[in-house]
Amino acid sequence: EDQVTQSPEALRLQEGESSSLNCSYTVSGLRGLFWYRQDPGKGPEFLFTLYSAGEEKEKERLKATLTKKESFLHITAPKPEDSATYLCAVYGSSNTGKLIFGQGTTLQVKP
Amino acid sequence: DTAVSQTPKYLVTQMGNDKSIKCEQNLGHDTMYWYKQDSKKFLKIMFSYNNKELIINETVPNRFSPKSPDKAHLNLHINSLELGDSAVYFCASSQVVDTQYFGPGTRLTVL
């Protein structure tokens, strides 16, 4: 069964303190790994899709990387507005049409 | 201008009542989804429709019935509401399976 585990569950950083969020996955035939950002009281907002090991994508202070077992979301010099819950999800060949989500990492960046 | 919209934003009701949540997307996507997010922020798919046809039906109680009158709309009707149905329900849409765009969510509270 496809599974996604995110760590840590919660992360507190000082503004400017870079760190990484982890997403470990087991999936039959990875067809895509997705990162979303979710602010309190809002729906998940799409950030990145990664399709194969070695792929990297960047957006502002965020960089997502992918290996065969895990993905990292690197946050460089975070700002308070980066505070949110970050969700990871996978789409495998045995789960046609549905994303399997992890439980999320809640990031708090203090000024 | 909203890509995926849901109504209502909040829904408070008594056990045993029947309620509906509506979803509309203006992205021209063929596929729409319903997800449930529990108190621990874990997102789990419930249903998916592709061009008005049901393609994913997870192990959801049959008190939940989705209806898609056209490919831009996907509604969720819930009969005989129970305390355990309290959660945030998200609608999403996509053109292909991977990049899904989420609505703002409907917070359902069953008293």
Side-chain angles (χ1 to χ4, degrees), chain A residues 1-11 21 23 27 29-52 55 57 59 64 66 71 83-108, chain B residues 2-10 21 23-25 27 29-51 53-60 66 74 87-109:
Chain A
E1 185 178 330
D2 296 352
Q3 197 167 1
V4 177
T5 303
Q6 291 185 245
S7 62
E9 193 171 317
L11 181 63
L21 312 183
C23 171
V27 65
L30 180 70
R31 296 182 66 173
L33 184 139
F34 309 88
W35 283 99
Y36 286 85
R37 169 191 170 129
Q38 186 174 22
D39 292 299
K42 295 191 176 180
E45 176 188 344
F46 171 73
L47 292 173
F48 304 109
T49 306
L50 302 168
Y51 294 102
S52 57
E55 191 175 358
K57 288 194 176 172
K59 179 180 179 180
L66 180 65
S71 176
S83 298
T85 296
Y86 291 86
L87 300 169
C88 173
V90 296
Y91 167 49
S93 56
S94 64
N95 281 310
T96 305
K98 66 180 182 182
L99 295 181
I100 306 298
F101 279 85
Q103 76 277 28
T105 294
T106 299
L107 172 66
Q108 184 180 28
Chain B
T2 306
V4 182
S5 59
Q6 295 179 229
T7 54
K9 175 78 172 170
Y10 299 97
I21 306 172
C23 177
E24 176 180 1
Q25 55 96 1
L27 297 168
H29 290 164
D30 289 331
T31 308
M32 296 183 73
Y33 312 80
W34 278 113
Y35 285 85
K36 179 180 180 180
Q37 188 171 48
D38 61 26
S39 57
K40 294 188 175 182
K41 297 190 176 179
F42 184 63
L43 261 173
K44 187 171 182 183
I45 193 165
M46 301 172 67
F47 302 102
S48 174
Y49 270 75
N50 180 267
N51 208 7
E53 181 182 346
L54 182 66
I55 57 171
I56 294 174
N57 185 350
E58 289 294 283
T59 50
V60 176
L74 180 62
V88 182
Y89 292 85
F90 287 100
C91 176
S93 75
S94 69
Q95 183 57 27
V96 293
V97 175
D98 55 3
T99 306
Q100 297 185 17
Y101 296 89
F102 285 78
T106 295
R107 181 174 293 277
L108 171 65
T109 303

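Proteins get letters first, then strands, A, B, ... in listed order; numbering begins at 1 in each. Keep in mind it's a predicted model, so treat the numbers as computed, not measured. Note that these values count all heavy atoms, side chains included, but never hydrogens, waters or copies made by symmetry.
- The environment of CD in A:Glu9 is sparse: at most 12 heavy-atom neighbours from other residues, nucleotides or ligands sit within 6.0 Å.
- Each of A:Leu99, A:Ile100, A:Leu87 was compared with B:Leu43 under the side-chain contact (heavy atoms from CB on, under 4.5 Å) criterion, and only A:Leu87 meets it.
- At a 4.5 Å heavy-atom cutoff, B:Gln6 makes no contact with chain A through either its backbone or its side chain.
- Contact annotation for B:Lys9: only side-chain heavy atoms (C-beta onward) come within less than 4.5 Å of a heavy atom of chain A.
- Remark: B:Ser94 OG to A:Tyr91 OH distance equals 9.5 Å, nearest 0.5 Å.
- Around atom CD of B:Glu53, no more than 12 heavy atoms belonging to other residues, nucleotides or ligands sit under 6.0 Å away.
- Interface remark: A:Gln38 contributes side-chain atoms only to the contact with chain B (heavy atom separation under 4.5 Å).
- Considering only residues two or more places apart in sequence or on other chains, A:Glu55 meets the salt bridge (Lys or Arg N to Asp or Glu O under 4.0 Å) condition with A:Lys57.
- The minimum heavy-atom distance linking B:Thr99 with A:Phe34 is given by the pair N-CE2, 4.1 Å.
- Residues B:Phe42 and A:Phe101 come closest through the heavy atom pair CE1-O, 3.1 Å.
- Side-chain atoms of B:Tyr33 never come within 3.5 Å of backbone atoms of A:Lys98 as a donor-acceptor pair (strictly under, hydrogens ignored).
- Only the backbone of B:Lys40 comes within less than 4.5 Å of a heavy atom of chain A; no side-chain atom from C-beta onward does.
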